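To start, the structure under review is shown below, and the notes come after it.
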Amino acid sequence: MCGIVAYIGPREAYPVILKGLKRLEYRGYDSSGVALLNGDLNVYKKKGKVAELEEMLVGKDVHSNIGIGHTRWATHGEPNDRNAHPHISASGKLAMIHNGIIENYSQLKQDLLRKGYTFKSDTDTEVLLNFIEDIKENNECPLEEAVRIALKRIVGAYVIVLIDQEHPDTLITARKGSPLVIGIGKNEHFLASDASPIIEYTKEVVYVNDYELAIIKADELILKNLGNERQTPFITKLDMELAAIEKGGYDHFMLKEIFEQPQTIHDCLRGRLDAESGSITMSGVTKYAEQIKNANRIVMVACGTSWHAGLVAEYIFEELCRINVEVEYASEFRYRNPVINKGDVIIAISQSGETADTLVAIENAKSKGAIILGVVNVVGSSIARISDAGAYTHAGPEIGVASTKAFTAQLAVLTMIALKIGYEKGTLSQERYLQLVRELDAIPEKVSTVLLQAENIKKLAEKYKDASNCLYLGRGYNFPVALEGALKLKEISYIHAEGYPAAEMKHGPIALVDEALPVIFIATKDSYHEKVLSNMQEIKARKGKVIAIINEGDEQSIALADDVIVVPEADEILSPMLSCIPLQLLAYHIGLAKGFDVDKPRNLAKSVTVE
Ligand code: M6R
């Protein structure tokens, strides 16, 4: 949610920032801007995607060795040139970019208005910037000091980066609740919301912690806390290759990421699951295995697609571990004063590891004595760092805004945890455990087989692309897959879609069914199959169009459905990792057929760092 990039050093700042903004565009893309210092403070900003800013700047003087850049996902104020970042202070000397929300900005704005300040934008960012400048002028203190004082009075989340015309050799930055990575080069520094703009210049990075402030020159990085005490920057090495954040010959990141799934699931299992010996090694989980086994309940906390992974995991954990599981929307859980007992196990599921609602929900739970396990994709992210333990999903950078490969990797990790705990607890027999371990090991190859259906799915997308509504139905382990399929379609094609447990349909949604309504059934052969067939009959009787995800040779489904997509058979516990893939491809191809930007769907952002 908003991407920030900054540079200081011997290179030209603008090309570094521009490239970085393009890499971060998945975080928000309603407007973008840069501020460059070269004697003058030049600020350029533009509504729309980064390419439009780039076009505007052709032929302009962008020479500078220090600069800040921003790509925005609007919170306060509509997306337009005026509200785009960077913002300039009243004196015209400071420029600032911000990712996050200043919750008490309205009060601060009133105070500043009374003092005679005027505002050019509707943003909370401009208020914070002028608040900082006001403190600087009143106290005649350095900018760093003014930032420190201001931030102590701020309620909300932020990463801010400032440049000062009077100090063209320094960047000032601070963080609370939103992500910030500093790349350390030779006499140069790079700042960004994630490592992708930094990776091609240096692999040495510092993840800035909450309530830390950095004063950065080309050859110096001073890190302090808001109490003005020096902190030692903890330098880590990035474990990421440039190829992972490029399209690699695919038309879109989303398609690339769908097709990467055999490999990403394999990477996720590698080094953990040994099908030959039947062992599952997960050091983070082992550390808390006793507490998990003895937990009265496990609470899965997540948002969006990650929440759907949590729902699948609820079925799996209850079946294999016989532990009561609750699955919570992080945004509800964080505010509703939930009962949390010491020893409750919370599993936070997040691709980005930065989702604000999930982060705060687990902070609250942790303060009440819960054990926090993180199932996170982005290494070093906030959720990963606040968790007591956990397991990375190792899906690699996911850039398409619609989550695909992260979902299947989350399912793989959660399944391994459940298998390990169930087996050690004795609620899962050795025979069934070994069977599932072997089947899980075979999933990457089966995913490759599903992907062979891509051309067939493309044709179906053409056939159904003009639908105005779609229903997704599944039962058991595949009910959450129905929810996920509907979410994918909504996000990418803007077609209204709902996911339901297939049996629930008759309690209301069946009223929607007519000859124009495509109904997508997940009808793989599992313990619910006969029931799902009955639900299909009910739709056919009302002339709905049935598209069924089935296993090979399922003549009953073939006889009923208008169209089928065949996926390999798998144990029902593992089948969501296969059945979700045609739904990802269907959403992708429908979105594409309708002419939409599938990697950057309207109104969305990849990493939701505001509540
Ligand atoms: O990074 P997270 O997994 O915490 O993100 C949660 C949701 O914002 C995310 O899954 C969102 O729903 C995606 N756009 C789904 O495709």
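Along the sequence shown, residues carry numbers from 1. On a predicted model such as this, the values are computed, not experimentally measured, just so you know. Counting starts at 1 for both ligands and their atoms, in listed order.
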Between Thr305 and Glu484, is any side-chain donor less than 3.5 angstrom from a side-chain acceptor? yes

By number and element, which atoms of ligand 1 are closer than 4.0 Å to a non-hydrogen atom of Ala402? 16 (O)

Residue, atom name and distance, where the atom is the protein heavy atom closest to atom 12 (O) of ligand 1: Gly304 CA, 3.3 Å

Under 3.5 Å, is there a donor-acceptor pair between the Glu398 and Ser403 side chains? yes

Atom 8 (O) of ligand 1: the protein heavy-atom neighbour that sits closest, reported with distance to 0.1 Å: Val608 CG2, 3.8 Å

for atom 5 (O) of ligand 1, nearest protein heavy atom and its distance come out as Thr355 OG1, 3.4 Å

Ligand 1 atoms nearer than 4.0 angstrom to some heavy atom of Ser352 are 1 (O), 2 (P), 4 (O)

Should the pair Phe596 and Tyr494 be assigned to parallel (<30°), tilted (30 to 60°) or perpendicular (>60°) ring geometry? tilted

Answer yes or no: is there a side-chain heavy-atom contact under 4.5 Å between Pro501 and Leu473? no

Residue Thr305 vicinity, atoms of ligand 1 by number, heavy atom under 4.0 Å: 10 (O), 12 (O), 15 (C), 16 (O)

One residue to check: Glu491. Relative to ligand 1, which of side chain, backbone, both or neither has a non-hydrogen atom less than 4.0 Å away? side chain

Within 4.0 Å of some non-hydrogen atom of Gln351, the atoms of ligand 1 are 1 (O), 2 (P), 3 (O), 4 (O)

Would you call the rings of Tyr315 and Tyr477 parallel, tilted or perpendicular, where under 30° means parallel and over 60° means perpendicular? tilted

Numbering as shown, the atoms of ligand 1 that approach Val401 to under 4.0 Å (heavy-atom distance): 13 (C), 14 (N), 16 (O)

Do Arg334 and Asp357 sit within salt-bridge range, that is, some charged N less than 4.0 Å from a carboxylate O? yes

Partners of Tyr464 by side chain to side chain donor-acceptor pair (under 3.5 Å), sequence neighbours excluded? Asp563

For Asp466, what residues pass the salt bridge (charged side-chain N to carboxylate O under 4.0 Å, His left out) criterion, not counting sequence neighbours? none

Is the shortest distance from a Lys or Arg side-chain nitrogen in Glu455 or Lys459 to a carboxylate oxygen in the other one below 4.0 Å? no

Mind checking whether Lys488 has a heavy atom under 4.0 Å from ligand 1? yes

When distances are taken from atom 6 (C) of ligand 1, the protein heavy atom at minimum range is Cys303 O, 3.3 Å

The atoms of ligand 1 lying under 4.0 Å from a heavy atom of Ser306, numbered in the order shown, are 2 (P), 3 (O), 10 (O)

Proximity flag Thr358 to ligand 1, non-hydrogen atoms under 4.0 Å: no

